[in-house]
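First comes the structure, then the notes that go with it.
Being a predicted model, the structure only gives us computed values, none of them experimental.
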Amino acid sequence: MKKVEYRVVDSNVYNKCLNLANELLNQISAQSQIPVSKIFPKDIILYFESNYNINFSFFESKKNEIIYKDLVQNPDFIILDDSLVHRTSGLTMPKKDRTLIFINQSMPLTRIKFTILHELTHLYFHKLEDNKKVFTSKFSGKYSDDVLPFEDEANIIASLLFCSTPKLEMLLTRNYSFDKIKSITGMSIKGLHSRLLNFLHHTS
């Protein structure tokens, strides 16, 4: 098993993810009438909730209330074992005509948003029924070799959704500082750092 969160990937992989993310962002833009550069995670979540039968459940080991209930519509809450909570950030499970997405709410809000986008990427781009093991073995970034490509793809696409290329280019063109870009996009330091590294590495 390999432990990984953000990794530099081959340009072909990145460009594939970029094309997939742009395809989805364009669909969201068309339906919501929001320019791609102004799409935020909540707009993406709303798009999925409007077009798919999704049930979000937040989980934690102690608290019995939903902290970030405004992120999604009609969320549930469950209490899980402390050891499992410490090892799991998110989980997606297909259930007949609907999809269950479990999100660890003990993490910072920036991480929760990223995790939701990561899980939605699995839902949209990966065949849930054919790859169930992908969505039931995601513990603290430890993945088997056959699962790792799916997780790399989900991480990259989630990052591209969190801060689209048109948005990032607009912010960079305005010579905004790292901190200002972080504030505008709502990304974490680690998340934005990874986004910028991939952008600079793969953009000629």
Side-chain angles (χ1 to χ4, degrees), residues 2-9 13-14 17-18 20-22 24-25 28 36-48 56-61 63 66-72 75 85-92 101-125 138-143 148 150-203:
K2 293 183 175 66
K3 184 172 183 179
V4 60
E5 281 299 328
Y6 302 106
R7 308 189 317 139
V8 174
V9 297
V13 174
Y14 180 82
C17 291
L18 179 62
L20 292 174
N22 287 341
L24 176 56
L25 286 167
I28 295 171
V36 170
S37 62
K38 294 184 178 180
I39 289 176
F40 284 87
K42 192 161 184 180
D43 302 312
I44 297 170
I45 295 168
L46 180 60
Y47 170 85
F48 274 91
F56 284 98
S57 284
F58 291 93
F59 65 83
E60 204 166 342
S61 60
K63 294 180 180 178
I66 302 170
I67 300 175
Y68 303 111
K69 57 186 176 183
D70 293 336
L71 269 179
V72 303
V85 171
H86 282 116
R87 293 184 295 135
T88 311
S89 56
L91 191 69
T92 298
I101 297 181
F102 299 91
I103 302 295
N104 185 342
Q105 73 165 14
S106 66
M107 304 178 297
L109 179 58
T110 54
R111 175 66 193 205
I112 289 173
K113 289 179 180 178
F114 180 86
T115 299
I116 291 176
L117 295 179
H118 177 107
E119 300 305 328
L120 292 175
T121 296
H122 282 315
L123 168 64
Y124 189 79
F125 293 110
K138 212 167 77 57
F139 299 106
S140 297
K142 294 182 180 178
Y143 310 112
L148 192 56
F150 290 99
E151 296 303 328
D152 275 341
E153 187 170 282
N155 278 337
I156 294 168
I157 292 176
S159 179
L160 292 164
L161 295 176
F162 209 134
C163 179
S164 68
T165 298
K167 178 183 291 186
L168 182 58
E169 290 177 340
M170 176 186 70
L171 297 174
L172 291 173
T173 301
R174 295 178 180 178
N175 292 321
Y176 286 162
S177 67
F178 181 93
D179 285 343
K180 187 160 186 178
I181 294 175
K182 181 172 73 71
S183 175
I184 291 172
T185 61
M187 298 185 81
S188 67
I189 292 175
K190 187 175 181 180
L192 180 56
H193 182 256
S194 173
R195 179 72 178 94
L196 286 168
L197 282 179
N198 272 331
F199 175 78
L200 294 173
H201 183 79
H202 297 290
T203 302

Close side-chain approach of Met187 and Ser159, heavy atoms under 4.5 Å: yes
Any residue meeting side-chain hydrogen bond (donor to acceptor under 3.5 Å, both in side chains) with Ser106, in chain and number order, not counting sequence neighbours: Asn104
Any donor-acceptor N/O pair, Lys69 side chain to Pro75 backbone, under 3.5 Å: no
Nearest heavy atoms of Phe114 and Ala158, plus distance in Å: CE1-CB, 3.7 Å
Which residues share a ring pair (Phe, Tyr, Trp, His ring centres under 6.0 Å) with Tyr47, sequence neighbours left out: none
CG on Leu160 to CG on Asn198, rounded to 0.5 Å: 7.5 Å
Pairwise distance CZ(Phe58) to CD1(Ile66) - rounded to 0.5 angstrom: 6.5 Å
Expected output: side-chain Glu119 to main-chain Ile101 donor-acceptor under 3.5 Å: no
Partner residues of Phe102 under the side chain to side chain contact (heavy atoms under 4.5 Å, CB included) criterion, sequence neighbours left out: Ser57, Phe59, Ile78, Leu91, Met93, Leu100
Leu25 CG to Ile44 CD1 distance, which is reported to the nearest 0.5 Å: 5.5 Å
Approximate separation, where rounding is to 0.5 Å, of Phe125 CZ and Cys17 SG: 9.0 Å
Between SG on residue Cys163 and CG on residue Leu117, distance to nearest 0.5 Å: 11.5 Å
Under the side chain to side chain contact (heavy atoms under 4.5 Å, CB included) test, residues paired with Leu46 that sit two or more places apart: Ser50, Gln73
Check: Arg111 main-chain N/O paired with Thr115 side-chain donor or acceptor under 3.5 Å: yes
Thr173 side chain to Glu169 backbone, donor-acceptor under 3.5 Å: yes
Parallel, tilted or perpendicular, as decided by the 30° and 60° cut-offs, for the rings of His118 and His122: perpendicular
Six-ring centre of Tyr68, Lys113 cation under 6.0 angstrom, axis tolerance 45°: no
Donor-acceptor contact present, side-chain Asp43 to main-chain Phe40, <3.5 Å: yes
Side chain to side chain contact (heavy atoms under 4.5 Å, CB included) partners for Ser183, two or more places apart: none
Verdict with supporting geometry, Lys190 and Thr110, side chain to side chain contact (heavy atoms under 4.5 Å, CB included): CA-CA 10 Å; Lys190 187 175 181 180; Thr110 54; over 6 Å; no
Point-to-point distance, once rounded to the nearest 0.5 Å, from CG of Leu24 to CD1 of Ile157: 8.5 Å
Contacts of Thr165 that satisfy side-chain hydrogen bond (donor to acceptor under 3.5 Å, both in side chains) - sequence neighbours left out: Arg195
Tyr14: partners by ring pair (Phe, Tyr, Trp, His ring centres under 6.0 Å), with sequence neighbours left out: His202
Ile67 atom CD1, neighbour heavy-atom count above 12 within 6.0 Å: yes
Non-hydrogen atoms of Phe178 and Ile189 that approach each other most closely: CZ-O, 3.6 Å
Any residue meeting side chain to side chain contact (heavy atoms under 4.5 Å, CB included) with Asn175, in chain and number order, not counting sequence neighbours: none
Min side-chain heavy-atom separation Glu153-Val13 under 4.5 Å: no
Aromatic plane relationship, Tyr124 with Phe48 - under 30° parallel, 30 to 60° tilted, over 60° perpendicular: perpendicular
pair Leu71-Phe56: side-chain heavy atoms closer than 4.5 Å: no
Worked verdict on Leu196 versus Leu192 for side chain to side chain contact (heavy atoms under 4.5 Å, CB included): CA-CA 6 Å; Leu196 286 168; Leu192 180 56; 4.0 Å; yes
Minimum heavy-atom distance Ser37-Ser164, with the two atoms named: CA-OG, 4.0 Å
